[in-house]
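See below for the structure under consideration.
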Amino acid sequence: MSDISLLRAEFPILKQTENGQPLVYLDSAATTQKPQSVIDAITQYYTQENANVHRGVYGLSERATEKYEGAREKVRALLNAKSTQEIIFVRGATEAINLVAATWARDQLQAGDEVLITEMEHHSNIVPWQLLRDQLGIRLNVLRINALGEVCLNAMASMLTPKTKLVSITHMSNALGTINPVKEMIALAHGVGAKVMVDGAQAVAHMKVDVQDLNCDFYAFSGHKTYGPTGIGVLYGKQSLLEAMSPYQAGGDMIYSVTFEKTQYNVLPYKFEAGTPNIAGAIGLGVAVDFLNRVGQDAIGAYEHELMVYATEQLQTIDGLRIIGQAKNKGGVVSFVVEGVHPHDVATLMDQDGIAVRASHHCAMPVMQHFKVPSTIRASLGIYNNFEDIDRLVASVQEAIQMLR
Ligand SMILES: Cc1ncc(COP(=O)(O)O)c(CN[C@@H]2CONC2=O)c1O
């Protein structure tokens, strides 16, 4: 692992204080902080390279297009996709999932067909399928989690039927930290002919993702959770599926020719990229990919795992504190509740100590229902966190509890 103190120095926001204390940022599952290289790339685009892409026949536009499409190639390589035609730029994981629901699913699913999700999904991988259930009459089946926050492959196999047409699963839970055995889950789903969408929002910044090795049909992630800017994300899709899918949004750039009688759509990936894209965001994402490649996704995940284990051990010494989510295979997320005090009150007091944690249902209300809690306090890790951050977290939790009890 690269020198953490040198890596921390690349993140300007970490130099500031919060309520007079050095900031301890422990909400990377919500959004990661941005390295100076990403910030500089966006500034450089707007100060030296700004032009619309794909259509200009002048140097500025050609350079902007080169940067934009260069970012797409970086993402292709990061995911080990076969072709840049399989890399669609969207706003984030939410839009990626909604795009599949609005196109592939609406094209392919009919009343009585089944979609399988897990109990640990983020709302962005629950509600789109509920909308289709209510509109198309499909069945939405839910693979339950156990007391540790894990799914069971045997239980999944027993829920798959010839009517299961889509399995949509998170790679890593934002609320629990559970890392799912997605490769095995994909193989099980393909065994009954179902396609598989993987929500990778919490995975790409923490582990190497190889979409060909996984053999997933779709894979989604958000740039802002991978040290990139907000408003840019990626949908990977197998080219054969994307070719057959109806367009998602209609307008400029997604067309080849338009008459009032008929429109011929553009080739991939542009068929799914209507209108002026988030050019600066994509360029920023490309530089974030450079950062991930320089530090190493698996190295980041391994370091965060060490911090997570240390944080769990330290927090568990606190009377009345219960860790929510104790999967054997777990990423850099520690969710917990404390008997007799509300998560929001604890997090609010922790903010006074300069500690930034999330107190919420984390857009995973079914997970909260499963564990019978209204919300949790969640500390989620990034490459810039260190063991001192964990010590300050634990001390601040202890102090907040004493004040509240
Ligand atoms: C597993 C998962 N899927 C999808 C999303 C949606 O991503 P976008 O908001 O980028 O479209 C999130 C967001 N995570 C939330 C956002 O804030 N805190 C969280 O844990 C997520 O954690």
Side-chain angles (χ1 to χ4, degrees), residues 25-34 75 88-102 117-130 143 145 149-151 167-180 182 185 196-207 209 216 218-236 248 278 281-282 284-285 288 301 304 308 324-325 327 329-336 343-344 347 356-368 370 375-382:
Y25 183 74
L26 291 167
D27 198 22
S28 293
T31 196
T32 55
Q33 297 304 342
K34 317 308 171 190
V75 172
I88 315 289
F89 282 132
V90 290
R91 278 184 301 115
T94 300
E95 184 169 44
I97 296 168
N98 277 274
L99 188 156
V100 173
I117 60 175
T118 77
E119 192 176 11
M120 72 173 86
E121 299 307 324
H122 183 275
H123 295 164
S124 63
N125 198 25
I126 296 174
V127 184
W129 313 118
Q130 287 177 326
L143 177 59
I145 57 176
E150 300 165 322
V151 294
V167 171
S168 195
I169 50 178
T170 190
H171 202 156
M172 174 174 147
S173 162
N174 67 312
L176 300 167
T178 305
I179 297 172
N180 283 317
V182 289
M185 296 172 85
V196 182
M197 165 108 223
V198 178
D199 171 2
Q202 294 295 342
V204 174
H206 312 284
M207 64 186 82
V209 173
C216 54
F218 300 102
Y219 197 97
F221 75 89
S222 300
H224 70 98
K225 297 179 190 288
T226 61
Y227 305 102
T230 53
I232 189 74
V234 171
L235 170 69
Y236 157 80
Y248 171 50
N278 181 355
L285 175 58
E304 290 169 347
M308 183 275 293
I324 304 293
N329 192 4
K330 189 178 173 191
V333 168
V334 184
S335 273
F336 57 94
H344 288 73
V357 290
R358 180 69 56 117
S360 160
H361 51 63
H362 312 296
C363 295
M365 293 175 92
V367 168
M368 303 299 126
H370 177 93
S375 58
T376 69
I377 302 156
R378 182 190 69 186
S380 53
L381 302 165

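As the structure lists them, so they are numbered: ligands from 1, and atoms in each ligand from 1. Everything quoted here is computed from the prediction, not taken from an experiment.
Atom 21 (C) of ligand 1 has as its closest protein heavy atom His122 CD2, 3.4 Å. Looking at atom 6 (C) of ligand 1, its nearest protein heavy atom turns out to be Thr94 OG1, 3.3 Å. Protein heavy atom closest to atom 22 (O) of ligand 1, with residue, atom name and distance, is Gln202 NE2, 2.8 Å. Residue, atom and distance of the protein heavy atom nearest to atom 4 (C) of ligand 1 are Ser124 OG, 3.1 Å.
For the pair Val75 and Phe221, the minimum side-chain heavy-atom distance is below 4.5 Å. At least one side-chain heavy atom of His344 sits under 4.5 Å from a side-chain heavy atom of Ser375. Using a 4.5 Å heavy-atom threshold, the side chains of Met197 and Ile97 count as touching. Side-chain atoms of Lys330 and Met172, non-hydrogen and from C-beta on, never get closer than 4.5 Å to each other. Looking at heavy atoms from C-beta onward, His206 lies out of side-chain contact with Leu381 at the 4.5 angstrom threshold.
The Thr170 neighbourhood of ligand 1 comprises atoms 1 (C), with distances under 4.0 Å to a heavy atom of that residue. Ligand-side atoms of ligand 1 in range of Ala201: 2 (C), 3 (N), 4 (C), 21 (C), range being under 4.0 angstrom from any heavy atom. Close approach of ligand 1 to Ala29 (heavy-atom distance below 4.0 Å) involves ligand atoms 14 (N), 19 (C), 20 (O).
Counting heavy atoms under 4.0 Å from ligand 1, residue Ser222 touches it through the side chain alone. Heavy atoms of Asp199 found under 4.0 angstrom from ligand 1 belong exclusively to the side chain.
Taking His370 as the reference, nothing meets the ring-ring contact (aromatic ring centres under 6.0 Å, His included) condition, with sequence neighbours excluded. Residues that satisfy the ring-ring contact (aromatic ring centres under 6.0 Å, His included) test with Tyr219, not counting sequence neighbours, are His171.
Selection from Arg358, Arg378, Glu121, His123 by nearest heavy atom to atom 20 (O) of ligand 1 gives Arg378.
By the 4.0 Å heavy-atom criterion, Lys225 is counted among the residues contacting ligand 1.
Tested against Ile169 for a side-chain contact (heavy atoms from CB on, under 4.5 Å), the candidates Ile117, Leu143, Val196 yield a single pass: Val196.
Ligand 1 has a nitrogen or oxygen under 3.5 angstrom from a nitrogen or oxygen of Asn174. At under 3.5 Å, a nitrogen or oxygen of His224, whether backbone or side chain, sits near a nitrogen or oxygen of ligand 1.
His362 and Thr376 share a donor-acceptor pair across their side chains, judged by distance under 3.5 Å alone.
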